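Owing to the predicted nature of the structure, the values given are computational and were not obtained by experimental measurement. Counting from 1, the numbers follow the sequence of the chain as shown. Excluded from the calculations below are hydrogen atoms, water molecules and symmetry mates; all remaining heavy atoms, backbone and side chain alike, are included.
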Amino acid sequence: MQRIGVFVCWCGSNIAATVDVEAVAEALSHEAGVVFSTNYQYMCSQAGQELIQNAIHEHKLTGVVICSCSPRMHENTFRKTCERAGINPYMVEIANIREQCSWIHKDKAVGTEKAIILGRAAIAKVLLNAPLTAGTSPVVKRALVIGGGIAGIQTALDIADAGFPVDIVEKEPTIGGKMTQIDKTFPTLDCAACILTPKMVDAAQNENIKIYSYSQVEAVKGFVGNFTVTIRRKARYVDEEKCTGCGLCTEKCPQKKVPNAFNLGLDTRRAIYIPFAQAVPKIATIDADYCTMLKTGKCGVCSKVCTAGAIDYKQQDSFVEEQYGAIVVATGYNPIKLDRFDEFAYSQSPDVVTSLELERLMNAAGPTGGTLLRPSDKTHPHTLVFVQCVGSRCDGGEKGKPYCSKICCMYTAKHAMLIREKYPDTEVYVFYIDVRTPGKNFDEFYRRAVEEYGVHYIKGMVGKVTPQNGKLYVQAADLLGGQQLKIEADMVVLAAAIEPDKSARPLATMLTASMDTNDFFTEAHPKLRPVESPTAGIFLSGACQGPKDIPETVAQAGAAASKVIGLLVKDHLTCNPCVAESNELMCNGCSACEKVCPYGAISYIDKEFRGPNRTTLLRRVAQVNPAVCQGCGACTVACPSGAMDLKGFSNAQIMAEVDAICK
């Protein structure tokens, strides 16, 4: 006979303001199996936990129901509390009367009634609970970082410095990410390459770091501590072991008209190329879409001039399978496409550029050697108009994104200052909705642009940009001045919104990680677990989780690394005992559960059963490996015969909750 104790938490006024906690405790005291019921202001506090432990001893409780906040917050706390008092931790149930009740009901009577129902359901379930014992699984002491930008590099360096091997998988031929394309960084205006290049070199030279450049994750299996990852190494048509990075092949290749993706198509490169001078690894790559030899079988100049014999036109994609204990996602961001913003004439005039394109035009290693020239006629621009929030903070998100991209205000201030400093004869106008400068020394940086450099900040929106006679006519509203403006500009710069890299969505599917509606990875808890995915063993670093500047990205990278290190230092992890189990008498061997299991925990065996007239029958039945099963429950839903059940969440327990709610 179960002896259940019920403990109702006030959570200060979070619950007590819209739920009569005393009435809830009183009502639940009359439920079958309940021998003790009480309420307390803060059940998760030390005093509250002592109250629970004392009640367990005094009333000889065998099960506990806590009516409080989400189990995601304090289930582990209460389980440990009960375990210390001698109760199996899986004989504890949480009735969420905060998020699911008090926070969504203003009427106290309604909130109280619902809290009683939720408590009744938890009691019905705990009456059918059985003690469970958690097993252990070993931890593979190796980490994978997906993405080789500043976030991925910093995460890998921190993990490697703790003594653990770590692999970086980067889809581009070189690590470095977007930061390699930036000229200066705010708010210090120091050289981006000067900061990033040493980090790239450190990653390449660190004995604990292995870089898989020009590669991508193809498949992920397993679970926290034991991931099996298949990595596709795309064919470079250049032997990485032989290539010395001398660059002779990139100079002699006759195919010169290939759009240079690193410079965002503002100039061209050869069919065989090294993205930029500081590339890591500094290995040439042949672009198969433009290489004459690969397309027609005629040419071979690069092979002839390569003294190292590194060119291999027959090279194919290869696959590597590695084991990892933890995975860090650092897939970064991209500016949105502006094809829906025709009012700014981005597709009509080469002199309308994005902020990232302006970075390349101002960079000494860019297409113009660092001299700011109009793309159309290579002349010096005298009037520049910056348009803020292009695609950011769009109502409804039909053309752009509903969120603030966070970095645009600051990099526009940076661009304006650099242009005014280098070209004092220019006039710079910035049209903005409002200026957001939330970081350390950011507001001072913005005010320098206005007060020291004389940048014209105008609160208002640009309505239309019209190319005419070599000029760009900008029609805009000055909201503070209450007038319409028409500015004759030489260049218009659009602060395009940023969005997660396109690889994020398919990667999330492989990792069974959560994403929000904007395709940013979702953290386990926005305040308490900001660098962890809800999927155990998956961690988040940088702009894959949301828009971030470089300092914030580096900080989050270090935080993600610390979480990974905390996992990898363990020899074994405690497994979730709430795993699937098969009723072999009901199993018909259909394989439906095996097909849906994302962890490969289900296999099939032929087993003998006693049939009619003492005959022996051989039947195919499912078996679950409890060390591999993660208790996701997918198999229990897929099983047509109802043979699959989940310990701690059995069909009988779920139906008991439903019955308790409906009675």
Side-chain angles (χ1 to χ4, degrees), residues 266 335-359 361-362 368 371-395 398-400 404-405 408-436 446-497:
L266 295 170
I336 66 168
K337 293 183 178 180
L338 298 178
D339 50 0
R340 294 187 179 182
F341 296 87
D342 290 338
E343 64 269 29
F344 300 124
Y346 178 74
S347 60
Q348 303 169 36
S349 172
D351 296 328
V352 180
V353 299
T354 66
S355 296
L356 192 56
E357 289 170 345
L358 182 67
E359 288 280 357
L361 292 172
M362 296 174 65
T368 60
T371 302
L372 181 59
L373 301 174
R374 295 198 334 154
S376 61
D377 56 12
K378 301 297 185 287
T379 60
H380 169 54
H382 293 281
T383 303
L384 290 94
V385 172
F386 287 81
V387 184
Q388 297 300 97
C389 297
V390 178
S392 295
R393 305 166 67 185
C394 292
D395 293 336
E398 294 180 0
K399 289 179 63 175
C404 170
S405 293
C408 316
C409 288
M410 288 302 297
Y411 68 55
T412 293
K414 175 193 73 174
H415 291 154
M417 290 168 64
L418 292 173
I419 291 169
R420 287 282 295 158
E421 182 177 45
K422 191 171 182 179
Y423 307 102
D425 60 330
T426 58
E427 291 293 329
V428 177
Y429 298 87
V430 178
F431 286 91
Y432 67 96
I433 300 174
D434 47 47
V435 178
R436 298 184 172 185
Y446 150 66
R447 284 193 274 109
R448 279 180 61 200
V450 178
E451 298 167 5
E452 185 178 335
Y453 288 88
V455 178
H456 305 295
Y457 271 78
I458 302 171
K459 185 176 178 63
M461 291 296 294
V462 171
K464 189 173 182 61
V465 176
T466 305
Q468 189 175 342
N469 300 325
K471 292 287 186 179
L472 298 169
Y473 292 91
V474 180
Q475 295 176 312
D478 180 355
L479 298 181
L480 297 181
Q483 58 181 325
Q484 293 293 316
L485 301 178
K486 191 170 185 179
I487 299 173
E488 186 179 297
D490 297 309
M491 286 184 69
V492 171
V493 184
L494 307 178

Measure across Arg436 and Cys404 and return the closest heavy-atom pair with its distance rounded to 0.1 Å.
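In this case the closest contact between Arg436 and Cys404 is NH1-CB, 3.4 Å.
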Grab the two heavy atoms, one from Ala495 and one from Cys408, that are nearest each other, plus how far apart they are.
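Closest pair (atom of Ala495, atom of Cys408, distance): CB-CB, 4.0 Å.
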Does a side-chain heavy-atom distance below 4.5 Å link [X] with [Y]?
X: Val462; Y: Val492; result: no
X: Leu338; Y: Leu494; result: yes
X: Leu384; Y: Tyr423; result: no
X: Ser347; Y: Asp342; result: yes
X: Thr383; Y: Glu488; result: no
X: Cys389; Y: Ile433; result: yes
X: Val428; Y: Tyr453; result: no
X: Thr371; Y: His380; result: no

Determine whether a donor-acceptor pair (N or O, by modelled atom type, separation under 3.5 Å) exists between the side chain of [X] and the backbone of [Y].
X: Asp351; Y: Arg374; value: no
X: Thr368; Y: Leu361; value: yes
X: Tyr429; Y: Ile487; value: no

Who pairs with Tyr457 by side chain to side chain donor-acceptor pair (under 3.5 Å), at least two apart in sequence or on another chain?
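Tyr457 satisfies side chain to side chain donor-acceptor pair (under 3.5 Å) with no other residue.
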Going by salt bridge (charged side-chain N to carboxylate O under 4.0 Å, His left out), name the pairs with one or both residues in residues 448-457, residues two or more places apart or in two chains.
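Counting only pairs at least two positions apart or across chains, the salt bridge (charged side-chain N to carboxylate O under 4.0 Å, His left out) contacts touching residues 448-457 are Arg448-Glu452.
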Would you call Asp490 and Lys471 a salt bridge, taking side-chain N to carboxylate O under 4.0 Å as the test?
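Between Lys471 and Asp490 there is a salt bridge, with a charged N closer than 4.0 Å to a carboxylate O.
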Counting only heavy atoms not in Lys422, do more than 12 sit closer than 6.0 Å to its NZ atom?
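Check passes, neighbour count above 12.
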So which of Arg393, Gln388, Lys459 actually passes side chain to side chain donor-acceptor pair (under 3.5 Å) with Asp434?
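Single side chain to side chain donor-acceptor pair (under 3.5 Å) partner of Asp434 among Arg393, Gln388, Lys459: Arg393.
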Check the angle between the aromatic planes of Phe341 and Phe344 and answer parallel, tilted or perpendicular using the 30° and 60° thresholds.
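Ring orientation, 0 to 90° scale: parallel.
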